[in-house]
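Read through the structure below, which is laid out as structure tokens, and then see the notes.
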Amino acid sequence: MVIGVIGGVGAGKSSVLDVLTQEYQFTAYRTDDIAKSFYVHGDPVFEALKALLGADIERADGSVDLPVFASRIYGVGKQKLRSQVDSIVHPAVWKYVDTQVRAARKSGADIVVETALPIAHFVELCDEVWFVYTEEAVRIARLMETRGYSEEKARAMIHAQIPDDEYAAMADFVIDNSGSREETETTIREHLHEG
């Protein structure tokens, strides 16, 4: 089975992945982590990013200097540059996901792919897409607590992402993760046992 888990920052997608990997032996892939795995010296994605953003996004050890990288693409007037970065990174991420899904289908493995940036092709790849919904106030509180963000930064990140109604339109199943972790876990178990 291939499940896609979508939702914005602070929604609690990781807790959904924890249940699937720990209780149901799914293998999890996070598109953020896949993207970061390309940011090493010699990787074609990273080499293209260095050509676009400057060689100093690479540290002496060949890894990415994330603060420098982020400073180049985030901020006022950097939307065009960020779009160019996305056009380099996103196709490589989805090609990698395609490969993992094909391998899982061949071997009969269960996988879950988590992303905040779902595309139509991704939705088609999945047997089910789960949207993790969480009230905005809860998301802001979580981001302030777990990542140390200011309320303004948390709110800005949430509003920069896809609106909840767009996520919901792509989903086969909605998990309300505004309550306790136990409630969320129960919702997942009940859904999987119905299927």
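Values reported hereafter were calculated over all heavy atoms of this structure, with side chains retained and with hydrogens, waters and symmetry mates removed.
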_Lys/Arg-Asp/Glu bridge criterion (N-O < 4.0 Å) met for Asp164, Arg139_ = yes
_Tell me the closest heavy-atom pair linking Ile162 and Ala116, and the distance in Å._
CD1-O, 3.8 Å
*asked:* Using the rule given for side-chain contact (heavy atoms from CB on, under 4.5 Å), can you reason through Leu81 versus Leu53, listing the C-alpha separation, both sets of side-chain angles and the distance that settles it, and then say yes or no?
replied: CA-CA 9 Å; Leu81 198 56; Leu53 302 172; 3.7 Å; yes
Just list the side-chain donor-acceptor pairs under 3.5 Å for residues 143-153, sequence neighbours left out, or say none.
residue: Thr146; atom: OG1; partner: Arg142; partner atom: O; Å: 2.8
residue: Ser150; atom: OG; partner: Lys153; partner atom: N; Å: 3.0
residue: Glu151; atom: OE2; partner: Arg155; partner atom: NH2; Å: 2.6

*Under the side-chain contact (heavy atoms from CB on, under 4.5 Å) rule, what do Phe173 and Thr187 come out as? Steps first, then yes or no, please.*
CA-CA 10 Å; Phe173 177 55; Thr187 301; 3.8 Å; yes
_Residues in ring pair (Phe, Tyr, Trp, His ring centres under 6.0 Å) contact with Tyr96, at least two apart in sequence or another chain_ = none
_Asp33: partners by side chain to side chain contact (heavy atoms under 4.5 Å, CB included), with sequence neighbours left out_ = Arg30
*Under the ring pair (Phe, Tyr, Trp, His ring centres under 6.0 Å) test, which residues partner Phe46, sequence neighbours left out?*
none
*Quick one: salt bridge (Lys or Arg N to Asp or Glu O under 4.0 Å) partners of Arg82, sequence neighbours excluded?*
none
*Would you name the heavy atoms of Pro91 and Asp86 that are closest together and state the gap between them?*
CD-O, 3.6 Å
_Working for side-chain contact (heavy atoms from CB on, under 4.5 Å), residues Arg102 and Thr99_ = CA-CA 5 Å; Arg102 273 201 303 278; Thr99 302; 3.9 Å; yes
_Non-neighbouring partners of Asp172 that pass salt bridge (Lys or Arg N to Asp or Glu O under 4.0 Å), sequence neighbours left out_ = none
*Grab the two heavy atoms, one from Tyr167 and one from Gly8, that are nearest each other, plus how far apart they are.*
CE1-N, 3.6 Å
_Partners meeting side chain to side chain contact (heavy atoms under 4.5 Å, CB included) with Ser87 (sequence neighbours left out)_ = none
_Non-neighbouring partners of Phe122 that pass ring pair (Phe, Tyr, Trp, His ring centres under 6.0 Å), sequence neighbours left out_ = Trp94
*Where is the tightest heavy-atom contact between Thr184 and Asp176, given as atom of each residue plus distance?*
OG1-O, 4.0 Å
*Quick one: list whatever passes salt bridge (Lys or Arg N to Asp or Glu O under 4.0 Å) with Asp56, sequence neighbours left out.*
Arg72
*Name all residues meeting the side chain to side chain contact (heavy atoms under 4.5 Å, CB included) criterion together with Asp165; count only those two or more places apart in sequence or in a different chain, and write none if there are none.*
Pro163
*asked:* Going by salt bridge (Lys or Arg N to Asp or Glu O under 4.0 Å), name the residues that satisfy it together with Glu128, two or more places apart in sequence or in a different chain.
replied: none
*Could you list the residues that satisfy side chain to side chain contact (heavy atoms under 4.5 Å, CB included) with Thr27, not counting sequence neighbours?*
Tyr29, Ile111
*What is the minimum heavy-atom distance between Arg181 and Asp18, and which atoms define it?*
NH2-OD2, 3.0 Å
_Considering all heavy atoms, the nearest Ala28-Leu17 contact_ = CB-CD2, 3.9 Å
_Between Thr31 and Leu117, is the side-chain contact (heavy atoms from CB on, under 4.5 Å) condition met? List the steps._
CA-CA 9 Å; Thr31 55; Leu117 295 167; 6.0 Å; no
